Amino acid sequence: MSLKIQVISSLFSFLYGIIFSLLLNLNYNILFSGSRLLRSISNLLFLSDFAMLYFLIMKKINEGILHPYFYLFLILGFLLTFKKGVPLRKFLKELPKSVKKKKETTNRLK
């Protein structure tokens, strides 16, 4: 594998880790609330879809050759952005409350 393909694969793995972290924070309310069956199914689908997508894109980039440092870049991208996604998670958790308050104030005005 050429150096150019290795660099592209490493950058992709890092960016994929960032995207995975952000989408995990977006889906946090679904993944960790609700019934146990819903949590299990959504978690299984979410993780399997992301794993399949990663391997399919890596197959297009470098014919499916995976090195351990690609996983390291993936984990590094995930860990660097996971803490930054916590405010997004809190905002999404409070969003239904603010929508209810908004509806209540508009109903009072009518």
Side-chain angles (χ1 to χ4, degrees):
M1 180 180 344
S2 71
L3 182 62
K4 181 180 176 182
I5 292 175
Q6 288 182 15
V7 170
I8 291 171
S9 299
S10 298
L11 286 174
F12 168 73
S13 294
F14 183 75
L15 292 174
Y16 198 79
I18 291 172
I19 292 168
F20 178 68
S21 173
L22 292 174
L23 288 177
L24 183 67
N25 279 314
L26 283 173
N27 288 329
Y28 185 82
N29 293 336
I30 296 170
L31 291 176
F32 298 107
S33 65
S35 70
R36 185 175 215 143
L37 180 64
L38 177 66
R39 285 190 318 219
S40 299
I41 291 172
S42 63
N43 196 8
L44 181 68
L45 288 174
F46 182 75
L47 293 176
S48 62
D49 286 346
F50 257 85
M52 280 191 287
L53 186 63
Y54 178 75
F55 291 123
L56 286 173
I57 295 173
M58 286 301 278
K59 186 171 170 92
K60 293 285 184 184
I61 292 174
N62 64 6
E63 299 170 2
I65 300 170
L66 298 173
H67 292 283
Y69 57 85
F70 293 157
Y71 294 120
L72 247 104
F73 280 111
L74 181 73
I75 293 168
L76 182 67
F78 177 82
L79 291 176
L80 285 176
T81 56
F82 188 73
K83 289 289 184 183
K84 293 180 178 157
V86 172
L88 174 67
R89 192 173 25 188
K90 288 180 182 177
F91 171 74
L92 289 174
K93 196 172 193 176
E94 294 173 2
L95 191 62
K97 294 175 187 173
S98 65
V99 171
K100 283 182 182 178
K101 287 180 184 177
K102 195 178 222 183
K103 285 182 181 180
E104 288 174 3
T105 56
T106 55
N107 288 340
R108 286 182 200 164
L109 294 175
K110 289 180 183 180

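Predicted, not measured: the structure shown is a model, and the values here were computed from it.
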Give a yes or no on whether [X] and [Y] share a hydrophobic cluster (residues Ile, Leu, Val, Met, Phe, Trp, Tyr; joining criterion: side-chain heavy atoms under 4.5 Å apart).
{"X": "Leu23", "Y": "Ile57", "value": "yes"}
{"X": "Leu24", "Y": "Leu80", "value": "yes"}
{"X": "Leu26", "Y": "Phe82", "value": "yes"}
{"X": "Phe78", "Y": "Leu11", "value": "no"}

Any chance you could measure [X], atom [atom1], to [Y], atom [atom2], to the nearest 0.5 Å?
{"X": "Ser48", "Y": "Asn43", "atom1": "OG", "atom2": "CG", "result": "9.5 Å"}
{"X": "Phe70", "Y": "Ile61", "atom1": "CZ", "atom2": "CD1", "result": "8.5 Å"}
{"X": "His67", "Y": "Leu72", "atom1": "NE2", "atom2": "CG", "result": "13.5 Å"}
{"X": "Phe20", "Y": "Leu53", "atom1": "CZ", "atom2": "CG", "result": "11.5 Å"}
{"X": "Ser10", "Y": "Asn62", "atom1": "OG", "atom2": "CG", "result": "9.5 Å"}
{"X": "Leu74", "Y": "Leu66", "atom1": "CG", "atom2": "CG", "result": "10.5 Å"}

Which class fits the ring pair [X] and [Y]: parallel under 30°, tilted 30 to 60°, perpendicular over 60°?
{"X": "Phe46", "Y": "Phe50", "result": "tilted"}
{"X": "Phe12", "Y": "Tyr16", "result": "tilted"}
{"X": "Phe73", "Y": "Phe14", "result": "perpendicular"}

Verify, without hydrogens or angle tests, whether Ser21 (side chain) and Gly17 (backbone) share a donor-acceptor contact under 3.5 angstrom. no

Nearest heavy-atom approach of Met58 to Ile65 is CE-O, 4.4 Å

Residues Gly77 and Ile18: closest non-hydrogen pair is O-CG1, 3.6 Å

Are Asp49 and Met52 close enough that some pair of their side-chain heavy atoms sits under 4.5 Å apart? yes

Looking at side-chain heavy atoms only, is the closest gap between Ile5 and Ser9 below 4.5 Å? yes

